[in-house]
Amino acid sequence: MKLNERSVAHYATCDSPPDKTGFLFKKGERNTAYHRRWLILKGNMLFYFEERESREPIGVIVLEGCTVELCESAEEFAFAIKFDCAKARVYKMAAENQAAMESWVKALSRASFDYMRLVVRELERQLEEIQEGAAGLQGRPKSSKKAGGVARSKSGASFSASHVPSTQVTGAALAQGSAHARSLQEEVQLPSGTSKENGVAWSKPSALVNGGASLESPVSPGTGCFSKLHDWYGKEVAELRVEWLQKNSSLSLFNLCLMIFLPNLSLTVI
Amino acid sequence: MRFNEKELISLSRQPSERAAELGMRGPKKGDVVKRRLVKLVVNFLFYFRTDEEEPQGALLLEQCRVEREDSLAFSITFLDEAERKYLFECDSQEQCQEWIDSIIKASYEFMRKNLIFYRTEIHRLTGKDPLEQYGIEDETRFQVTSGLHLMPKDI
């Protein structure tokens with residue numbers, strides 16, 4: 001099967017920040033000795049290099065649909081990346097100490113696209129609830145106004161982050177998405193009188209007054225956020241929830257919390 | 001570069017965001033448009049020869065640009081090889097736009113930006129970091145200030 005290998009390798013070494021880097025011992029594929037490799041984890045891709053200075057990775061492990069387990073091994077601090085498919089390889093790794101092992105296991109078990117998507121959806125849902133709460137308190141549907149004097153969050157980088165997509169090419173021509181999303185903005189009306197899902201009493205009113213119509217604030221925000229929000233608000237909230245629950249039928253809120261906290265991590269220490 | 005092909009093939013069989021038969025043309029000079037079953041799964045675009053079980057190929061959708069080419073077609077280019085375009089022909093303008101939207105949203109990096117946006121917004125509105133309750137607030141992948149990609153870049 002073909003893969004756009006050159007571009008995949010470029011993703012490893014381009015200047016977007018990696019999620020984790022470090023040395024690990026990796027058990028060889030043909031030669032079953034453990035070899036010391038330089039690892040770069042980015043998104044759901046685990047790249048391995050011969051040396052830290054190497055320009056090109058030797059290989060990559062796509063971390064989708066895998067579990068990460070501690071394992072019994074002659075090597076100390078060993079763990080394995082396992083896949084669910086037939087005749088799948090088991091990637092055995094060993095760290096140099098306990099702390100490194102735990103850190104890698106945690107990072108790898110949360111590396112999947114699916115996991116990221118889960119967290120994003122959860123935050124989307126939370127933000128939506130806050131917005132509903134705000135609309136309810138203000139007694140009117142949210143108007144599209146820019147929150148001009150933008151209140152910067154502590155991190156300071158938040159609005160530069162949200163301005164990035166319009167100018168940055170990385171991650172696709174969002175100029176396209178931006179035009180699309182802006183026309184959708186006018187349609188974003190929160191259904192008034194929607195009841196809150198879990199009855200959470202949000203915030204002191206002062207926080208909300210400042211927060212106000214936050215959705216429209218960044219001009220070219222993660223514009224995908226807006227088209228996403230449109231997707232959400234275009235339907236009745238209740239309908240959305242049913243849909244989401246159906247897709248994740250076995251997920252109760254408790255399970256969701258568990259999954260978010262410890263997805264894909266199973267401990268089989270013997 | 002080695003990659004875990006078996007697992008990737010298995011991934012291509014997972015439920016997809018979007019799948020359709022489209023006209024597809026590779027980036028090389030002399031490539032022609034061929035019908036392919038195109039399937040979007042997480043941040044990969046798989047393409048199958050019609051009636052084949054295993055994908056002919058996969059494109060990792062990171063560091064790429066998606067553009068409308070004309071009313072029925074869009075292209076994908078990768079930032080490290082901007083002259084090479086993968087072209088896709090759709091059956092309708094709507095379908096074309098839907099594919100573009102889906103592919104834009106299909107990158108891990110895009111999701112990360114969304115997450116950071118939501119996290120920051122929620123924190124701003126409520127004074128609370130929404131990731132704290134899950135104990136993941138310190139994960140590198142969720143950090144706002146993790147560096148260069150927050151700066152506007154010149155093409």
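Worth saying up front: this structure is predicted, and the values here are computed from it rather than measured. Protein chains get the first letters and strands the later ones, always in sequence-line order, with residue 1 at the start of each.
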Original post:
Given a strict heavy-atom distance threshold of 4.5 Å, which part of B:L131 is in contact with chain A: side chain, backbone, both, or neither?
Top reply: side chain
Original post:
Between B:L60 and chain A, which part of the residue has a heavy atom less than 4.5 Å away: side chain, backbone, both or neither?
Top reply: both
Subject >> Partner chain A: residue of B:G57, B:A106, B:A58 with the largest heavy-atom pair count (under 4.5 Å) >> reply: B:A58
Original post:
Think B:K6 forms a cation-pi with A:F83, using NZ or CZ under 6.0 Å from the six-ring centre and within 45 degrees of its axis?
Top reply: no
Original post:
Quick one: what part of A:E5 sits under 4.5 Å from any heavy atom of chain B, side chain, backbone, both or neither?
Top reply: both
**OP:** Using a cut-off of 6.0 Å, state whether more than 12 heavy atoms not belonging to B:R25 lie near its atom CZ.
**Re:** no
Original post:
Think A:K42 forms a cation-pi with A:Y11, using NZ or CZ under 6.0 Å from the six-ring centre and within 45 degrees of its axis?
Top reply: yes
Original post:
Can you list the steps and then say if B:F88 with B:L45 is a side chain to side chain contact (heavy atoms under 4.5 Å, CB included)?
Top reply: CA-CA 12 Å; B:F88 297 85; B:L45 194 69; 3.6 Å; yes
Original post:
Under a 4.5 Å heavy-atom cut-off, does chain A meet the side chain of B:R119, its backbone, both or neither?
Top reply: both
**OP:** Check whether B:E139 gets within reach of chain A through its side chain, its backbone, both or neither, counting any heavy atom under 4.5 Å.
**Re:** side chain
Original post:
Which pair of non-hydrogen atoms, one from A:S112 and one from B:Y108, has the smallest distance, and what is that distance?
Top reply: O-CE1, 3.9 Å
Original post:
Is it the backbone or the side chain of B:Q56 that comes under 4.5 Å from a heavy atom of chain A, or both, or neither?
Top reply: both
Original post:
Is the NZ or CZ atom of A:R89 both under 6.0 Å from the centre of the six-membered ring of A:Y91 and within 45° of that ring's axis?
Top reply: yes
